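Structure, as structure tokens:
Bear in mind that the values here come from a model prediction, so they are computed numbers and not experimental data. Only heavy atoms go into these numbers, but all of them, side chains included; no hydrogens, no water, no symmetry mates.
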Amino acid sequence: MSDSEIPKGSYAAGRRALLPRGAERPLTVFVNGVVQVEGSDYEVQGREIVFSRPILKEEKLSGLRWLSMLIGVVGTYRKHETVDIEYRLGGQTRLASDVPIVPD
């Protein structure tokens, strides 16, 4: 993904997310609730999920933009992706929501 493909108000946060400590397969990885496919969308490397493209996050809002949203003048339509990982730990299925993205 090039800089020209990143929507205004968003930034490329990175391509890597840490697996929860002790996470075991099978893994299911979601970006904004959509299942990702191992091999084409991501790879598992050690304790990290490495995505084939950067995960996009919303830049911090300025005070003026926040105030405008509060009073209903404008909305925000920036790209903000969240990563969730379903995994096994001690024989139980667990879900890690909105896992932190590791900068490149």
Side-chain angles (χ1 to χ4, degrees):
M1 177 175 288
S2 68
D3 287 342
S4 63
E5 297 175 47
I6 298 172
K8 184 177 180 186
S10 299
Y11 68 97
R15 295 178 187 263
R16 300 176 293 136
L18 281 178
L19 283 169
R21 191 170 306 283
E24 303 165 350
R25 289 181 181 267
L27 302 171
T28 307
V29 177
F30 304 88
V31 175
N32 285 354
V34 178
V35 174
Q36 304 298 291
V37 177
E38 186 172 0
S40 60
D41 297 321
Y42 72 92
E43 299 285 339
V44 178
Q45 296 179 3
R47 282 200 55 231
E48 292 184 331
I49 300 288
V50 181
F51 292 94
S52 59
R53 63 168 187 82
I55 300 300
L56 302 179
K57 295 289 187 181
E58 184 177 37
E59 293 177 345
K60 292 209 182 272
L61 296 175
S62 69
L64 182 59
R65 179 95 177 161
W66 185 85
L67 179 61
S68 296
M69 286 173 42
L70 181 67
I71 61 175
V73 175
V74 298
T76 184
Y77 305 99
R78 298 168 180 176
K79 187 84 168 178
H80 184 79
E81 297 177 316
T82 59
V83 174
D84 303 319
I85 303 171
E86 185 180 87
Y87 61 98
R88 302 280 296 172
L89 180 64
Q92 295 183 349
T93 301
R94 306 261 178 125
L95 180 68
S97 296
D98 198 9
V99 298
I101 302 303
V102 178
D104 291 339

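Each of Leu18 and Val31 belongs to its own hydrophobic cluster when Ile, Leu, Val, Met, Phe, Trp and Tyr are linked at side-chain heavy-atom distances under 4.5 angstrom. Hydrophobic clustering keeps Val29 apart from Leu56 (ILVMFWY residues linked when any side-chain heavy atoms are closer than 4.5 Å, directly or through intermediates). The cluster map of Ile, Leu, Val, Met, Phe, Trp and Tyr, joined by side-chain heavy atoms under 4.5 Å apart, puts Phe30 and Ile55 in different clusters. In the hydrophobic clustering of ILVMFWY residues, with side-chain heavy atoms under 4.5 Å counting as a link, Val83 and Leu27 come out together.
Using a 4.5 Å heavy-atom cutoff, the side chains of His80 and Ser10 are not in contact.
Heavy atoms only, all atoms of each residue included: Ile6 and Ala12 are closest at CD1-CB, 3.8 Å. Nearest heavy atom pair, residue Ser40 against residue Ser52, reads O-OG, 3.2 Å.
Rounded to the nearest 0.5 angstrom, Tyr87 OH and Thr93 OG1 are separated by 10.0 Å. For the atom pair Gln36 CD and Ile49 CD1, the distance stands at 10.5 Å (nearest 0.5 Å). Atom CG of Leu89 and atom CZ of Arg94 lie 5.0 Å apart (nearest 0.5 Å).
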Worksheet item: What do the steps show when you test Lys57 against Asp98 for salt bridge (charged side-chain N to carboxylate O under 4.0 Å, His left out), and what is the final call?
Response: CA-CA 11 Å; Lys57 295 289 187 181; Asp98 198 9; 3.5 Å; yes
Practice prompt. Test Val35 against Glu86 for side-chain contact (heavy atoms from CB on, under 4.5 Å), laying out the working first.
Written response: CA-CA 10 Å; Val35 174; Glu86 185 180 87; over 6 Å; no
Worksheet entry | side-chain contact (heavy atoms from CB on, under 4.5 Å) assessment of Asp41 paired with Arg53 | CA-CA 8 Å; Asp41 297 321; Arg53 63 168 187 82; over 6 Å; no
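Residues Arg15 and Glu48 are not paired through a salt bridge, judged by the lack of any N-O separation under 4.0 Å between the basic side chain and the carboxylate. Taking a cutoff of 4.0 Å between a charged side-chain nitrogen and a carboxylate oxygen, Glu43 and Arg16 do not qualify as a salt bridge.
When Thr28, Leu95, Val99 are each tested for a side-chain contact (heavy atoms from CB on, under 4.5 Å) with Ile85, only one passes: Val99.
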